[in-house]
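Report on one structure; see the data block that follows.
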Protein chains: 2
Amino acid sequence: MELRSDSCGIEVALTVIGGKWKPLVLFHLNHGPRRFGELKRLVTGISEKVLIQQLRELADDGVILRRDYQTVPPKVDYEMTPFGYSLAQALQPLCAWGDENRLQIAELQKEAQSTAT
Amino acid sequence: MELRSDSCGIEVALTVIGGKWKPLVLFHLNHGPRRFGELKRLVTGISEKVLIQQLRELADDGVILRRDYQTVPPKVDYEMTPFGYSLAQALQPLCAWGDENRLQIAELQKEAQSTAT
DNA sequence: CAGCATCCTCCATGATACTG
DNA sequence: CAGTATCATGGAGGATGCTG
């Protein structure tokens, strides 16, 4: 996504959390550091490639920290940075909104889908 | 996007505001009702098709209201619903976060891009 | 003016197999 | 265990022309 100087900061935020799985990853890392394998299990349905991809992007954006233990067998874990936590904070209300309206939204989108037929 | 019962409500919210231009549209409608043509001008770069698409989806999700004046020539405008305003409220902190960190994020993503080369 | 129809492009996501 | 490398794909997004 292209960053523009105009308009609302939401777009900026979306360049960071816009990936399909990123909110999930953030959600899980918000509970503490996680190893790669853990995340793979926690974020059910994601492929390894995409998980790595999203983790890299999050790390590049300074939201999470990748720690490589340089051991054999490999051990790597990911942890939120303070910057990441500030993002998580900003995300709280939206998260709450989503939780509150989950059912209604699911309902509406189901209708829209059937109408679209 | 698929709605799942687990995880954070952010995903739910993203099914509503996840479109490439939706935050922009919301941003502009947050200032008051806008006619189709106005939005087309305000959201620079968007094609008519996509604008209509996103407006429809937002309307289907109950976030905005489409009002057709049934006149010739056609006049239609769009307005946020109370539900939409509640979403806008929840979006505020994220918006602020984005604004605060806009420069830093732009910087980081530029680096990542050049590194990727 | 507002919107629909058609066609097309591209990229995020995905599936699979291999490696240090 | 934690990746990389390839190849495939689907659907969001885009360009253009037409209509009531």
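The analysis underlying the following values was restricted to heavy atoms, covering all of them including side chains, and did not include hydrogens, waters or symmetry mates. Below, chains carry the letters A, B, ... as their sequence lines are ordered, and counting in each starts from 1.
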Send over the distance from [X] [atom1] to [N] [atom2], rounded to a whole Å.
X     : N      : atom1 : atom2 : result
A:I46 : D:dG3  : CD1   : P     : 13 Å
B:L55 : D:dG13 : CG    : C1'   : 15 Å
B:K20 : C:dC11 : NZ    : P     : 10 Å
B:E48 : C:dA5  : CD    : P     : 14 Å
B:L14 : D:dA12 : CG    : P     : 15 Å
B:K75 : D:dG20 : NZ    : C1'   : 19 Å
B:I52 : D:dG14 : CD1   : C1'   : 13 Å
B:Q70 : C:dA2  : CD    : P     : 14 Å

Next on the checklist: Under 4.0 Å, heavy atoms only, any strand: does B:Y69 hit a base, just the sugar-phosphate, or nothing?
Outcome noted: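 Result for B:Y69 = nothing.
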Next on the checklist: Over all strands shown, is B:Q54 touching base, sugar-phosphate only, or nothing at heavy-atom distances under 4.0 angstrom?
Outcome noted: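 Counting heavy atoms under 4.0 Å across all strands, the contact made by B:Q54 is with sugar-phosphate only.
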Phosphate-side-chain proximity, [X] and [N], N/O vs OP1/OP2 below 4.0 Å:
X     : N     : answer
A:Y78 : D:dA2 : no
A:K49 : D:dC7 : no
B:R35 : C:dA2 : yes
B:R66 : C:dG3 : yes
B:R56 : C:dC4 : yes

Next on the checklist: Pick the closest DNA chain C nucleotide for A:Q53 and for B:D68 by heavy atoms, then say which residue is nearer the 5' end.
Outcome noted: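 By nearest-heavy-atom nucleotide position, the 5'-most residue is B:D68.
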Item to check | Sub-6.0 Å ring centroid separation between A:W21 and A:F27 | outcome: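 No, the ring centres sit 6.0 Å or more apart.
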Item to check | Side-chain H-bond candidate by donor/acceptor type, A:Y85 with A:N30, under 3.5 Å | outcome: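 Note: A:Y85 and A:N30 side chains miss the donor-acceptor criterion.
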Checklist entry - Nearest to the side chain of A:P74, which nucleotide is it out of C:dG3, D:dG3, D:dC1? => result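 Looking only at side-chain atoms, A:P74 lies closest to D:dC1.
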Checklist entry - Which nucleotide in the set C:dA2, D:dA15, D:dA2 lies at the smallest distance from any side-chain heavy atom of B:V76? => result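 For B:V76, the side-chain atoms sit closest to C:dA2.
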Next on the checklist: Which residue in the set A:I17, A:V25, A:L26 passes side-chain contact (heavy atoms from CB on, under 4.5 Å) when paired with A:V63?
Outcome noted: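 So the option named by the test is A:L26.
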